[in-house]
Amino acid sequence: MFSKRVASIELSGIRKIFDMAQGDAINLGLGEPDFQPPPEALEAIREAVEKGYNKYGPSKGFPQLREALAEKFTKYADISADNVLVTVGATEGMLATLLSVINPGDEVLYPDPGFVLYKPHTIISGGKPVDYPILQENDFVPSQEDLENRITKKTKAIIVNYPNNPTGGVLDDSHLKMIVDLAEDNDLLIISDEVYFNITYENKPKTFLGKYEKVIFINSFSKEFAMTGWRLGYLIAPKEYIEQIGKIHYYTVACPQSPIEYAALVALEKSHYYSLMMVEKFRKRRDLIYELLNKMDGVNPNLPKGAFYIFPRIELDADPMDIVKDTVKNGVLCTPGEAFGTAGKKHIRFSYAASEDDIIKGMKIFDSVLDKYR
Ligand SMILES: Cc1ncc(COP(=O)(O)O)c(C=O)c1O
């Protein structure tokens, strides 16, 4: 009755766990900022609707928005509006990319633990997903050896995601060079999911953009401007890729949402202060949750350097999945590391896109749940 394609992918198991939560649970499971979009953007979306931006727009996005995005990233690469495709979130950008570059049997390297899209998107595109570990002992960055061991004649692309979900890891210049060199030597496409590009705490963001010819840079308005529900993202890539990916994009979504594009352009022009404000709030919360987790027996966190997640290893003789279920039953949402791949099995992901109050209360409950397993 259904296609082999759809039968070969599964919905993530996280839902079942979240369904166990009571209505007033403390939410440290969310993958989105706990802020509303910037006030200028809220005003702009009302204005857009009233002005009549309720119709189909250009398939690749409003020219002014594509230009503004090219301008924003021009310090990293020699790009223009022709290199930009506005998408329905990074999610559509990722799938349209893979559908445009993967032939049956092509292998795609993706991180384990890693965000939940990469494997199913590769399968839907007819490719073979090949995971590579990003481990806590290596600051959640892949080792050269692990990557080399997985590259075959069939490897077409490597998906990278820094700042990283679920680990909070970031890359430094030497990691970036190592991955670019491997891609160059093996003629691989780098598909770089940089939706947390602006959320770093120690150093300025590092990007693959402009570091190598065959880079598809995927980004989004979701996290930078707290617009997850507005579903707007973008790709930056060589023009010939934009043309081809733009075909899949056209036949799946026709065009991005006109009023959202209008408001996103206003956010780009006026709301930089807002994302800086969020990052400063996240930084305080990161320090707080790290300190609280670090004090707990049997819990070993790394200090996150980007995004808004912390991914401690549970060093107890217990299955973190059971601990998560208990924690959720006790009113605190968090996510089992195995939802992000087998290498995440000993971990739990907490999102600190939550108030300091909730973080303090949530960590207290988590610590008392752990007592049962100590
Ligand atoms: C690493 C990563 N990539 C992509 C996405 C999806 O972004 P968008 O809302 O733009 O589709 C998320 C959302 O959580 C994410 O964490």
Side-chain angles (χ1 to χ4, degrees), residues 11-12 14-15 18 27-35 37 41 61 65 69 84-98 108 110-122 124 131 134 140-141 158-171 190-200 205-208 216-236 245 249 252-253 256-257 260-261 263-264 267-268 275 278 282 304-311 333-335 337 339-341 344 349-354:
L11 272 184
S12 124
I14 305 178
R15 275 282 131 225
F18 284 9
N27 199 341
L28 305 180
L30 269 191
E32 59 186 347
D34 58 323
F35 294 90
L65 181 58
L69 286 166
V84 179
L85 175 71
V86 182
T87 57
V88 180
T91 303
E92 191 242 328
M94 178 62 71
L95 183 58
T97 298
L98 289 167
V108 177
Y110 74 100
D112 175 12
F115 185 52
V116 295
L117 295 181
Y118 311 135
K119 185 178 175 185
H121 278 190
T122 301
I124 291 168
D131 57 26
I134 56 168
F140 299 118
V141 164
I158 174 166
I159 297 174
V160 277
N161 166 226
Y162 291 98
N164 183 261
N165 176 10
T167 68
V170 300
L171 294 180
I190 295 179
I191 302 173
S192 186
D193 175 346
E194 301 193 28
V195 301
Y196 299 99
F197 172 81
N198 67 307
I199 308 177
T200 57
K206 306 272 178 214
T207 178
F208 281 94
I216 314 279
F217 170 89
I218 299 183
N219 205 339
S220 176
F221 288 89
S222 286
K223 320 284 173 169
E224 180 168 3
F225 296 111
M227 296 177 178
T228 46
W230 287 12
R231 313 302 307 123
L232 204 71
Y234 49 97
L235 299 179
I236 300 179
I245 298 169
H249 164 81
T252 42
V253 300
Q257 314 81 284
I260 308 289
E261 285 192 275
L268 267 189
S275 54
M278 286 194 289
F282 292 148
K305 297 187 183 125
F308 39 69
Y309 309 103
I310 190 162
F311 200 60
L333 295 190
C334 52
T335 313
F340 304 98
R349 188 192 77 171
F350 294 98
S351 159
Y352 48 90

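Atoms within each ligand, like the ligands themselves, are counted from 1 in listed order. Every value quoted in this text rests on a predicted model; they were computed, and no experiment measured them.
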Look only at the side chain of [X] and the backbone of [Y], and say whether a donor-acceptor pair between them is shorter than 3.5 Å.
| X | Y | value |
| --- | --- | --- |
| Lys223 | Asn198 | no |
| Asn161 | Asp193 | yes |
| Thr87 | Tyr234 | yes |
| Glu194 | Phe217 | no |
| Arg349 | Thr167 | no |
| Gln257 | Trp230 | yes |

Return the closest protein heavy atom for [atom] as residue, atom name and distance.
| atom | value |
| --- | --- |
| atom 14 (O) of ligand 1 | Lys223 NZ, 2.5 Å |
| atom 5 (C) of ligand 1 | Phe115 CE2, 3.4 Å |
| atom 3 (N) of ligand 1 | Asp193 OD2, 2.6 Å |

With heavy atoms of [X] as the reference, note each atom of ligand 1 found under 4.0 Å away.
| X | result |
| --- | --- |
| Asn161 | 1 (C) |
| Ser222 | 8 (P), 9 (O), 10 (O) |
| Arg231 | 8 (P), 9 (O), 11 (O) |
| Thr91 | 6 (C), 8 (P), 11 (O) |
| Gly89 | 10 (O), 11 (O) |
| Ser220 | 8 (P), 10 (O) |

Is it the case that the ring center of Tyr196 lies less than 6.0 angstrom away from the ring center of Phe308?
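Here the rings of Tyr196 and Phe308 have centres that are less than 6.0 Å from each other.
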
Under 6.0 Å between the ring centres of Tyr309 and Phe340?
no

Taking 4.0 Å as the limit for heavy-atom contacts, which would you say applies to [X] with ligand 1: side chain only, backbone only, both, or neither?
| X | answer |
| --- | --- |
| Met94 | neither |
| Phe308 | neither |
| Tyr196 | side chain |
| Glu32 | neither |

Leu98 side chain reached by Ile124 side chain, heavy atoms, under 4.5 Å
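In short, these two side chains do not touch, never coming nearer than 4.5 Å.
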
Looking only at distances, please establish whether an N/O atom of ligand 1 is found under 3.5 Å from an N/O atom of [X].
| X | answer |
| --- | --- |
| Tyr309 | no |
| Thr228 | no |
| Ala90 | yes |
| Asn165 | yes |

In Å and rounded to the nearest 0.5 Å, what is the CG to OH distance from Asp112 to Tyr118?
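Those atoms lie 12.5 Å apart.
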
Is the number of heavy atoms from other residues, nucleotides or ligands under 6.0 Å of Lys206 NZ greater than 12?
yes

